[in-house]
Amino acid sequence: MNNNIMSRQLYSAIPHPITSQPTPEMKAKAEVYYGDEICKEKFTFLLTQIGLPDGLLSLDDIEEGGYVKEIGFVWLKHKKKKKEHKFDNILVWYDTIVTAYLEPNRIKNLTGVKAKEFLVWISLSEIYVNDISSTKLITFKTPVGLSKSFPVTAFE
């Protein structure tokens, strides 16, 4: 089999390519919201609808947000260049644009979010809620597979 054909087949098997900004095609298919108040309302609703804590993302100073329902793609564009937010003792950094794909109890292919661990900023790629145990845990996963879990109550 030709290497080019094989690499195209492997790429086409990936359902959601990681994107750092919404493309014009995605924006055309999306529900787009402008302004801090409406974005906060819509994204709080979206998070709770998929089973994640409503305080998970920093929803302050949002200029624009969008949601492509058919594929679960979302984006948030902050008014400020970069933003830090503290959840209990967890320090999180948000880039100007945050993108992700939403699924039940999960955020996948996350871009624009980092957490500070041992004086180092680590990119996050996935967030999910484990509903199996009696104590609900939320897990943050890095692109290299490292993860750390916290009680869901830290983000409510």
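For reference, positions follow the sequence shown, starting with 1.
For Ala30, the side chain to side chain contact (heavy atoms under 4.5 Å, CB included) criterion is met by Val32, Val68, Trp75, not counting sequence neighbours. Listed by chain and residue number, nothing satisfies the side chain to side chain donor-acceptor pair (under 3.5 Å) test with Lys114 (two or more places apart in sequence, or in another chain). For the salt bridge (charged side-chain N to carboxylate O under 4.0 Å, His left out) test, no residue two or more places apart in sequence or in another chain qualifies with Lys116. For Phe150, the ring-ring contact (aromatic ring centres under 6.0 Å, His included) partners at least two apart in sequence or on another chain are Phe140. By the salt bridge (charged side-chain N to carboxylate O under 4.0 Å, His left out) test, Asp61 is found to be paired with Lys80, Lys83, residues two or more places apart in sequence or in another chain being considered. Legend: residues meeting side chain to side chain donor-acceptor pair (under 3.5 Å) with Lys148, ordered by chain and number and at least two apart, are Glu117. Not counting sequence neighbours, Lys141 has no partner by the salt bridge (charged side-chain N to carboxylate O under 4.0 Å, His left out) test. Lys42 is linked by a salt bridge (charged side-chain N to carboxylate O under 4.0 Å, His left out) to nothing, counting only residues two or more places apart in sequence or in another chain. The side chain to side chain donor-acceptor pair (under 3.5 Å) test applied to Gln49 returns no partner, not counting sequence neighbours. With sequence neighbours left out, Glu25 forms a side chain to side chain donor-acceptor pair (under 3.5 Å) with Thr23. Looking at residues two or more places apart in sequence or on another chain, you find no ring-ring contact (aromatic ring centres under 6.0 Å, His included) involving Tyr33.
Nearest heavy-atom pair, Ile50 versus Arg106, reported as atom, atom and distance to 0.1 Å: CD1-O, 3.9 Å. Heavy atoms only, all atoms of each residue included: Gly65 and Cys39 are closest at N-SG, 3.5 Å. Contact between Leu47 and Asp54 at its shortest, heavy atoms only, is CD1-O, 3.9 Å. When every heavy atom of Pro143 is checked against every heavy atom of Ser125, the shortest pair comes out as N-OG, 3.4 Å. Shortest non-hydrogen contact noted between Pro151 and Ile138 is O-CG2, 4.2 Å.
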Ile107 vs Leu56, side chain to side chain contact (heavy atoms under 4.5 Å, CB included): CA-CA, chis, key distance, verdict: CA-CA 11 Å; Ile107 295 175; Leu56 183 60; 3.8 Å; yes
Could you walk me through whether Glu64 and Lys27 pass the salt bridge (Lys or Arg N to Asp or Glu O under 4.0 Å) check? CA-CA 11 Å; Glu64 175 187 294; Lys27 277 190 165 187; 3.0 Å; yes
Is there a side-chain hydrogen bond (donor to acceptor under 3.5 Å, both in side chains) between Thr139 and Ser147 once you walk through the steps? CA-CA 7 Å; Thr139 301; Ser147 63; 6.0 Å; no
Applying salt bridge (Lys or Arg N to Asp or Glu O under 4.0 Å) to Lys77 and Glu63, what does each step give before you reach the verdict? CA-CA 6 Å; Lys77 183 177 179 185; Glu63 181 179 317; 3.6 Å; yes
Verify side chain to side chain contact (heavy atoms under 4.5 Å, CB included) between Thr153 and Lys136, making sure each step is shown before the conclusion. CA-CA 8 Å; Thr153 54; Lys136 275 181 123 176; over 6 Å; no
Quick one, Val152 with Val129, criterion side chain to side chain contact (heavy atoms under 4.5 Å, CB included). Give me CA distance, side-chain angles, the key distance, then yes/no. CA-CA 8 Å; Val152 169; Val129 172; 4.2 Å; yes
Test side chain to side chain contact (heavy atoms under 4.5 Å, CB included) on Lys108 and Leu102 and set out the steps. CA-CA 6 Å; Lys108 293 178 81 173; Leu102 303 180; over 6 Å; no
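Summarising the geometry, atom OG1 belonging to Thr142 is positioned 11.5 Å from atom CG belonging to Leu110; distances are rounded to the nearest 0.5 Å. Atoms CG and OG1, from Leu76 and Thr96 in turn, are 12.0 Å apart once rounded to the nearest 0.5 Å.
Of the possible donor and acceptor atoms, one in the side chain of His78 sits under 3.5 Å from a partner among the backbone N and O of Asp95. A donor-acceptor contact shorter than 3.5 Å is absent between the side chain of Asn105 and the backbone of Tyr128. At least one donor-acceptor pair closer than 3.5 Å links the side chain of Thr48 to the backbone N or O of Phe45.
Counting side-chain heavy-atom gaps under 4.5 Å among Ile, Leu, Val, Met, Phe, Trp and Tyr, the cluster of Leu91 also holds Trp93, Trp121.
Ile122 and Ile127 are members of different hydrophobic clusters when ILVMFWY side chains are connected at heavy-atom separations under 4.5 Å.
Residues Thr99 and Ile97 meet the side-chain proximity criterion, which asks for heavy atoms closer than 4.5 Å.
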